[in-house]
Amino acid sequence: MPEVMEDIKKSLLTGVSYFVPFIASGGVLLALATAFQPFMAAGADVSASPVLRLICDIGRASFSLMLPVLAGYIAYARAGRPALVAGMVGGQISGTVGAGFLGALVAGLLAGWIVDGLKRVPLPAAVRPVAAILIIPVVSTLIVGALMECVIGAPVATLLGLMGDGLANTSPSDAVILGTVLGAMIAFDMGGPINKTAFFLGSALLGQGNPHAMGAVAAAICVPPLGLGLATKLSRTTWSGKEREAGSAALAMGLIGITEGAIPFAAADPFRVVPTVCFGSAVAGAICMLTGVGDHAPHGGPIVLPVIDRPGMYLLAISTGAVLTALTINLLRRRPPPPSVSAP
Amino acid sequence: MKIIAVTACPTGIAHTYMAAATLSSVGREMGHDVKVETQGAMGIENELRPAEISAADLVIFAADIAIENEARFNGKRVLHVPIREVLKDARKVLTRI
């Protein structure tokens with residue numbers, strides 16, 4: 001059973017790795033186009049400017065490929081090239097039936113399993129060459145497509161609708177909880193699977209037109225490296241020369257939104273560093289959700305500021321999180337460390 | 001020992017390259033001949049050539065996602081490890097071989 005889960009995780013992460021650039025180009029282009037336009041009740045009005053309209057159309061085109069690419073590469077991770085078509089078609093249908101990214105995840109996994117199964121069907125040598133280019137793509141696409149259209153699509157769409165309503169109508173206290181949880185997840189393993197789960201949720205919701213979860217994620221992403229880097233600058237005696245050097249690198253990585261800059265610190269002293277950065281990122285995430293920060297790019301840190309809604313609040317969230325992280329870790333480090341990692 | 005490795009992580013901007021750097025430096029320290037291909041957000045870089053693949057004694061996949069063109073390594077001895085283990089302790093991974 002763990003192996004099955006491991007396998008699903010690998011497939012999903014592969015899909016996400018191909019899907020993120022589509023969210024990035026779509027989200028940023030749409031944000032750019034709408035940033036310069038008067039906002040109407042029905043959304044931004046780009047009709048007055050042909051250039052902005054062009055940018056807007058290109059961004060939409062990129063978004064429209066997002067679900068097929070996500071589902072396609074989930075299937076590809078599982079069963080290779082023959083699975084790409086069934087996955088992509090399944091993802092496309094997921095979009096048309098309103099099942100969104102949840103449906104695309106399901107379609108991709110199904111397509112992978114079905115193609116994997118079809119590849120194992122023993123075939124006479126004479127038909128084998130046509131299996132890869134004809135039989136498997138046609139049969140698997142037909143099955144996945146039919147399942148998405150007739151069986152899975154509608155319930156998943158309902159589920160997604162409920163989720164969307166829930167997010168759109170969150171009370172302030174729920175929003176704070178969501179921001180706290182997302183922020184802590186981002187910091188917990190600094191780029192590992194838990195971090196990626198929160199990151200995927202943020203970017204998937206962004207693809208569904210809700211940039212707020214991504215806003216919380218984006219602020220949380222840069223808090224661990226910025227906070228720890230800041231800590232090494234605030235209290236030089238607490239940190240060794242090598243750690244102060246790592247601190248400068250962490251600050252630079254934090255600015256461009258790479259949580260991994262905090263890894264050297266977490267690896268050296270996990271029991272004090274991990275809870276501290278989770279706390280700092282959770283605070284940043286909560287502030288973002290509470291103040292309605294939105295992020296239109298699937299990335300974090302101060303570098304995405306141009307596509308942030310409510311940039312002032314975003315910066316406030318980041319600096320609060322980073323300062324709290326720095327003060328907390330320096331306070332914790334003042335006590336003598338356990339003998340096994342004795343400092344000079 | 002001639003070791004080749006492929007590193008890949010979901011985002012492909014940090015872990016992939018950190019693991020590649022660690023594997024090369026620690027491997028060299030331990031006296032191995034190491035070449036690492038990275039499959040990050042920029043696609044395949046430092047690509048392993050067919051001659052290098054056939055000459056290698058061992059292939060390491062340090063990856064949390066599917067490797068591109070995995071068929072190149074058919075028939076080789078392959079060690080699969082989560083990328084996190086390389087970052088945590090590359091020496092331990094390399095002594096397992």
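Values reported hereafter were calculated over all heavy atoms of this structure, with side chains retained and with hydrogens, waters and symmetry mates removed. Just so we're clear, the structure is a prediction, and the values are computed from it rather than from any experiment.
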Reported [atom1]-to-[atom2] distance for the pair [X] and [Y], which is rounded to 0.5 angstrom:
{"X": "A:R81", "Y": "B:N69", "atom1": "CZ", "atom2": "CG", "value": "7.5 Å"}
{"X": "B:H15", "Y": "A:I258", "atom1": "NE2", "atom2": "CD1", "value": "10.5 Å"}
{"X": "A:M190", "Y": "B:R84", "atom1": "CE", "atom2": "CZ", "value": "12.5 Å"}
{"X": "B:T11", "Y": "A:L13", "atom1": "OG1", "atom2": "CG", "value": "8.5 Å"}
{"X": "B:D64", "Y": "A:L12", "atom1": "CG", "atom2": "CG", "value": "12.5 Å"}

**OP:** Return the option, out of A:K9, A:M253, A:K10, with the maximum number of heavy-atom pairs under 4.5 Å with chain B.
**Re:** A:K10

**OP:** May I ask you to check whether over 12 heavy atoms, not counting those of B:M42, lie within 6.0 Å of atom CE?
**Re:** no

Original post:
Do other residues, nucleotides or ligands put more than 12 heavy atoms under 6.0 Å from B:K76 NZ?
Top reply: yes

Original post:
If you look at every heavy atom in B:I65 and A:S17, which pair is closest and at what distance?
Top reply: CD1-OG, 3.9 Å

Original post:
What part of A:Y18 is in contact with chain B, defined as an atom under 4.5 angstrom from a non-hydrogen atom: side chain, backbone, both or neither?
Top reply: side chain

